[in-house]
Number of protein chains: 2
Amino acid sequence: MTSTSFMRTLRRCLSAAMLLVAAAVAQAQGLPSWNDGAAKQAILKFVADVTTPGAPTFVPPAERIAVFDNDGTLWIEQPIYVQFAFALDRVKALAPKHPEWKTTPPFDAILKGDMKAFAASGEKGLMQVMAATHAGMTTEQFADTVAQWLAKARHPRFQRPYEELVYQPMLELLAYLREHGFKTFIVSGGGVEFMRVFTEKVYGIPPEQVVGSTGQLAFKMGSDGKPVLLKLAQIDLVDDHAGKPVGIQRFIGRRPILAFGNSDGDQQMLEWTAAGAGPRFMGLVHHTDAEREYAYDRASHIGRLDKALDEAKARGWTVVDMKQDWNKVFPIDK
Amino acid sequence: MTSTSFMRTLRRCLSAAMLLVAAAVAQAQGLPSWNDGAAKQAILKFVADVTTPGAPTFVPPAERIAVFDNDGTLWIEQPIYVQFAFALDRVKALAPKHPEWKTTPPFDAILKGDMKAFAASGEKGLMQVMAATHAGMTTEQFADTVAQWLAKARHPRFQRPYEELVYQPMLELLAYLREHGFKTFIVSGGGVEFMRVFTEKVYGIPPEQVVGSTGQLAFKMGSDGKPVLLKLAQIDLVDDHAGKPVGIQRFIGRRPILAFGNSDGDQQMLEWTAAGAGPRFMGLVHHTDAEREYAYDRASHIGRLDKALDEAKARGWTVVDMKQDWNKVFPIDK
């Protein structure tokens, strides 16, 4: 290294030190959207425990794997899952090319806006809609469609793009963990090809750290001599309930030391995380705030939190009371 | 940030600058086990192209995804795949618990050392052996078994542990790419649960960056109240040939800009990599060195390199001639 490049490195380091000053100021405020309380204290204690060199609770950075559910944990999932809102809009957008849908269940119900009739079509109806809207195109075409939809779609109550309806306290937690050497992953029942369109921009989580439900793909040589991957209708992994630990093992191959969810679909992921040796953090977001967001748990069809809530209480897992623990819900909130 | 911690940061930066001096010296030597030639020059040019800020060929670090086949690209695959050697040894180790194997094909052939008879059992026989040795235990039990085997097993010709029979020039290339902001992945036909036991120690590639063939897993609550993941015999993904781009999309979700393989099983991975926009690097290790390692290509049953070699020549991909391009094969070589 020449003395010139040495000085350049030194200057860069000084700039980096200045940035660290700024970061330290931000950090001194801790997790600003979290009220002081048991949940915030549990997070701070856990991070201190695993990052203090020499402590018996220290965990090397490579093993600081943190996994987060997406729907209802990082962003809004009411009144319907965002990906399902996308699927319904796609059915409407594709309807002109499928005149037969006007008289074919479950598409006819969606086109008439009769959600009760659609609900009556059950899982079979849902699978037909997913196949019609999530398969039969290349992975790149699908990603483009999702990106275009996200740019235009608005949440029915908040009239905001879905990407703005993420939880500010969880964004802070993701950043806080990464500052402390954690690698943050999403482990969600949502489709992996759907989520990867926005996770890097919105959460700072790159595509390769997104675990989700997956469908079969077929490699085909295009007519222009360029290969494509076609999305098929067959499901490969439903990354929910017991599928979450399976997804973690298959994609990450290392047991997390921190897991955050919000529903019974996250129970096995939290159990799998809890069963490892050494310090562990298991957290659940409890939606208790009908005014700023929604209030739902044991009786909800979407994001039902019942058995996992009982287990959390019995085992001392951290339950975040949205109303009490968060002084801000969305980044746009004052 | 206090002035004390500012000074601490500054001191750390100065140490970091010193380390950079050392790294620069090492780097000035380039890739020491690579002889000067077209292959080495192509690597150096590609890395310079994608890392030069402001250049039209510049690629942001987040998109510097590099994928490597394992068997025959990073470590030895002759005279049989290492994982297959493991499976054969496991059949012998488990035989006392399976007295029926003495008279049951294909196990009887393996126990008698009659590899011709075993080969005659074809893919069905291979699947039976894989099911008997790779399924029916927890993921942790399997990983322990692999680790114990790797510690004791020796390569039949070199009489060395397999973990020492990795290619020194490729270790240097992995490190060189990571120094330049690349994220290095393995994308191999080998089993993901097998490879993850050693990839971090041997290649510096963590479990979450290993893509491989996967089998089904079942989440079960253990009798001690702790959940386990059981390895099942059903195959989930064969991460070879057209399965490689599928594995890349499913696990990484981003198209690589560099891909290295050594056989026809890597052809589609290289085609998928080549089809992206911007600078690309496609490489093949050609085993041409019977003296220091092995010489094989178009006629080999293991690691056959035929169609991919033709395509590489036609499209100007980099073909590494082991004998000509590497002045050292294994780390233990003088």
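Naming: A, B, ... by sequence-line order, numbering from 1 per chain.
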Quick check: under 4.5 Å, non-hydrogen atoms only, which of residues 186-197 of chain A neighbour chain B? A:E193, A:R196

Rounded to the nearest 0.5 Å, how far does CG of A:D236 lie from OG1 of B:T214? 7.5 Å

Please rank A:E271, A:R250, A:Q209 by heavy-atom pairs under 4.5 Å with chain B and give me the top one. A:R250

Counting a contact as any heavy-atom pair under 4.5 Å apart, which residues of residues 216-230 of chain A contact chain B? A:Q216, A:L217, A:F219, A:M221, A:K226, A:P227, A:V228, A:L229

Please classify the contact of A:I65 with chain B as side chain, backbone, both or neither, using a heavy-atom distance under 4.5 Å. side chain

Per-residue contact mode, A:K183 against chain B (heavy atom under 4.5 angstrom): side chain

Residues which pass ring-ring contact (aromatic ring centres under 6.0 Å, His included) with A:F142, listed by chain and number, not counting sequence neighbours: A:F86, A:H134

Going by residue number, which parts of residues 252-259 of chain B are within reach of chain A, meaning a heavy-atom gap below 4.5 Å? B:I252, B:G253, B:R254, B:R255

Heavy-atom distances under 4.5 Å only: say whether A:E140 touches chain B with side chain, backbone, both or neither. side chain

